[in-house]
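One structure is given here, and the rest of the page talks about it.
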2 protein chains.
Amino acid sequence: MTYREFVAEIMSSVEDVYRRYYRENRRRIRIKKEDLAVKNYVALINAALRLSAEKGFQAMSMRDLTREAGMSMGALYYYFSGKNDILALIHKEGHKFVKDMLLKYTAGESGPAQKLRTAIRTHLYLSELMRLWFQFFFMETKHQAKKDRKVPIESELWTEKLYMDILREGARAGMFRVDDPGLVGAAIKSLLQDWYLKRWKYVHRGIPIEKYAEFVIAFVEAYVKK
Amino acid sequence: MTYREFVAEIMSSVEDVYRRYYRENRRRIRIKKEDLAVKNYVALINAALRLSAEKGFQAMSMRDLTREAGMSMGALYYYFSGKNDILALIHKEGHKFVKDMLLKYTAGESGPAQKLRTAIRTHLYLSELMRLWFQFFFMETKHQAKKDRKVPIESELWTEKLYMDILREGARAGMFRVDDPGLVGAAIKSLLQDWYLKRWKYVHRGIPIEKYAEFVIAFVEAYVKK
DNA sequence: ATAAATATTTCGAACGCTCGATCGAAAAAT
DNA sequence: ATTTTTCGATCGAGCGTTCGAAATATTTAT
């Protein structure tokens, strides 16, 4: 599957993220009309992700955000009851979306070899489609209060476990040789992360995402192949 | 070489970093006594690195810094003419130190195979010894003005070139099979980075640094081995 | 050797500014 | 007529930086 095909398939599910957030938090949210809320959450989160990528979430002021989203301070506080709500939305809904998509795409595969390839490819494609989200996950996690670090840490461990389970399954089936699935799982995550954390490097060298996916798969398989 | 041995060898060179900074910037710096300056730069940068790791450089206030270093606001501004000077010191002197050490340790090795192993091990050990520096390099680069991103970007590309050159040398000597040394170099950097960016994971699992070094070397060699 | 004079360093209050958040009034939708 | 949403001025707190006075260290004069 090429990246283009992947995007075409998945694009429609994106707005659902905001609709679910609105429905789950109706009581807190002062806006009553769902469609209006969803429309403005899309604009606000896109603006917040853009500004956070530029200067960091901390350095982004609520005034910056209103300017970027074309909204006043007063209106903004009808959608979020504070700056921290924005951070929480991105982390919580974002990680849930990633998890759902990874599960959906890997569930269809039969053998561990093919499952490993599909997981890597889907994960990489997702990180490209949601580039600003992934960058946000990483950059804006470190310096949070303990309780706000829970979601990102659990998500990190969950995806790593996804890879570990595939590797173990392959080892049981006699297809892989894996002495330490934990280290290999961490290595896969690290290689995938490099694509969006050092994006400027790969863009500058003109490396297409499909080629990078092939490279990561080959790199990992060289180590686990019997 | 174990990590302990490496630390014992290198520790003494650390204070030199501050002494050189002071001598090269004497004109700007309002403190006249070199030893006093060096002593307080050590305390100030250590405090700045600790606070930056905790809450990020942006979120660290100059008042936080004076509290952590046991110094008043007025005194602080005798050592730095602004918050940005602190950032610049860490980036510039830090990267220079890393480069010097990598060169020093890899220069001694003869063949490309041994050179690759030594580079990986030295790089990893350095990142552990200077953990807060490396974390700072990564976290505090993204959101800087263009001109302040130059040093980190050049350093990233320099170390990657170090690996690329070793890989090419090995390919010429017929010892390695490397189709794309750029991608392999980037992958090595990514794996090394994971050690200090996701340190909590490795600490939590009780993986010693020597074991991780062996893993990275084995992982890379499995791919480049003919 | 000691006191006076000078140079160096430290101190914390104060300044101007921007921040996140609030609020009552205006506008728009129902 | 009522509800819902938007607006931008306003608040107190905290920011980076400055500054004149106090404290300390060093040099000079006696």
Side-chain angles (χ1 to χ4, degrees), chain A residues 18 22-23 25-45 47-48 51-52 54-90 140 143-145 148, chain B residues 18 22-23 25-45 47-48 51-52 54-90 140 143-145 148:
Chain A
Y18 302 97
Y22 174 73
R23 288 186 180 164
N25 297 276
R26 241 189 186 137
R27 317 164 86 235
R28 282 197 305 102
I29 296 169
R30 301 163 74 181
I31 297 291
K32 311 271 171 145
K33 299 166 192 162
E34 181 169 309
D35 287 344
L36 176 72
V38 170
K39 186 191 111 221
N40 280 327
Y41 278 126
V42 172
L44 283 167
I45 296 299
L51 289 168
S52 294
E54 237 176 65
K55 50 164 85 173
F57 182 77
Q58 298 239 35
M60 172 195 82
S61 75
M62 294 301 255
R63 284 168 184 81
D64 290 337
L65 186 53
T66 59
R67 209 175 306 121
E68 184 87 357
M71 192 177 291
S72 71
M73 289 291 283
L76 172 58
Y77 276 84
Y78 257 64
Y79 293 85
F80 295 106
S81 51
K83 198 179 175 186
N84 219 59
D85 275 14
I86 301 172
L87 193 119
L89 186 163
I90 297 175
E140 312 301 342
H143 312 307
Q144 301 310 315
D148 293 319
Chain B
Y18 301 97
Y22 174 72
R23 288 186 181 164
N25 296 277
R26 246 191 181 134
R27 316 166 85 233
R28 281 197 304 103
I29 296 169
R30 300 165 74 182
I31 297 292
K32 310 272 170 140
K33 299 164 192 165
E34 182 169 309
D35 286 344
L36 176 72
V38 170
K39 185 192 113 225
N40 280 328
Y41 277 125
V42 171
L44 283 168
I45 295 299
L51 290 167
S52 294
E54 239 176 63
K55 50 165 85 174
F57 182 77
Q58 298 239 34
M60 171 196 82
S61 76
M62 295 300 256
R63 283 167 185 81
D64 291 337
L65 186 53
T66 59
R67 209 175 305 121
E68 184 87 358
M71 193 177 289
S72 71
M73 290 293 284
L76 172 58
Y77 276 85
Y78 257 65
Y79 293 85
F80 295 107
S81 50
K83 198 178 175 186
N84 219 59
D85 275 15
I86 301 172
L87 192 120
L89 187 164
I90 297 175
E140 311 301 342
H143 311 306
Q144 301 309 315
D148 292 319

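Since we're looking at a predicted model, the values are computed, not measured. Throughout, a chain's letter reflects where its sequence line sits, starting with A, and its residues are numbered from 1.
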Practice task
Just grab all the salt bridge (Lys or Arg N to Asp or Glu O under 4.0 Å) pairs involving residues 63-78 of chain A, residues at least two apart or on different chains.
Solution key: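 Residue pairs with at least one partner in residues 63-78 of chain A: A:Arg50-A:Glu68, A:Lys55-A:Asp64, A:Asp64-A:Arg67.
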Exercise for the section: For C:dT9, take OP1 and OP2 only and decide whether either is under 4.0 Å from a side-chain N or O of B:Tyr79. Expected result: no
Practice task
Would you indicate, yes or no, if C:dC11 has its OP1 or OP2 atom less than 4.0 angstrom from a side-chain nitrogen or oxygen of B:Ser72?
Solution key: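 Indeed, a polar side-chain atom of B:Ser72 lies that close.
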Value in whole Å for how far the [atom2] atom of [N] lies from [atom1] of [X]:
{"X": "B:Asn40", "N": "C:dT8", "atom1": "CG", "atom2": "P", "answer": "17 Å"}
{"X": "B:Asp85", "N": "D:dT17", "atom1": "CG", "atom2": "P", "answer": "9 Å"}
{"X": "B:Ile29", "N": "C:dT8", "atom1": "CD1", "atom2": "C1'", "answer": "15 Å"}
{"X": "B:Leu76", "N": "D:dT17", "atom1": "CG", "atom2": "P", "answer": "9 Å"}
{"X": "A:Tyr22", "N": "D:dT4", "atom1": "OH", "atom2": "P", "answer": "10 Å"}

Problem - Residues that B:Tyr79 engages under side chain to side chain donor-acceptor pair (under 3.5 Å), provided they are two or more places apart - result: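 Per chain and number, B:Tyr79 pairs via side chain to side chain donor-acceptor pair (under 3.5 Å) with B:Asn40.
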Exercise for the section: Specify the closest pair of heavy atoms between A:Leu65 and A:Ala48, including all atoms of both residues, with the distance to one decimal. Expected result: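 It is CD1-N, 3.6 Å.
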Problem - Minimal non-hydrogen separation, A:Ala59 against B:Gln58, with atom names - result: CB-NE2, 3.7 Å
Under the side chain to side chain contact (heavy atoms under 4.5 Å, CB included) test, which residues partner [X], sequence neighbours left out?
{"X": "A:Arg23", "value": "A:Arg19, A:Glu34"}
{"X": "B:Arg28", "value": "B:Tyr21, B:Asn25, B:Ser81, B:Asp85"}
{"X": "A:Ser72", "value": "A:Ala75"}

Set out, line by line, the N/O atom pairs under 3.5 Å between protein and nucleotides 22-25 of chain D.
{"unit_1": "D:dA25", "atom_1": "O3'", "unit_2": "B:Lys33", "atom_2": "NZ", "d": "3.4"}

Handout entry: Contacts of type ring-ring contact (aromatic ring centres under 6.0 Å, His included), residue B:Phe80, not counting sequence neighbours
Key = B:Tyr41
Sort me out a list of protein N/O and nucleotides 19-28 of chain C N/O pairs below 3.5 Å, or just none if empty.
{"unit_1": "C:dG20", "atom_1": "OP1", "unit_2": "A:Met60", "atom_2": "O", "d": "3.4"}
{"unit_1": "C:dG20", "atom_1": "OP1", "unit_2": "A:Lys83", "atom_2": "NZ", "d": "3.0"}
{"unit_1": "C:dG20", "atom_1": "OP2", "unit_2": "A:Met62", "atom_2": "N", "d": "2.7"}
{"unit_1": "C:dG20", "atom_1": "N7", "unit_2": "A:Arg63", "atom_2": "NH1", "d": "2.8"}
{"unit_1": "C:dG20", "atom_1": "O6", "unit_2": "A:Arg63", "atom_2": "NH2", "d": "2.7"}
{"unit_1": "C:dA21", "atom_1": "OP2", "unit_2": "A:Tyr77", "atom_2": "OH", "d": "2.7"}
{"unit_1": "C:dA21", "atom_1": "OP2", "unit_2": "A:Lys83", "atom_2": "N", "d": "2.8"}
{"unit_1": "C:dA21", "atom_1": "O5'", "unit_2": "A:Tyr77", "atom_2": "OH", "d": "3.3"}
{"unit_1": "C:dA21", "atom_1": "N6", "unit_2": "A:Arg63", "atom_2": "NH2", "d": "3.1"}

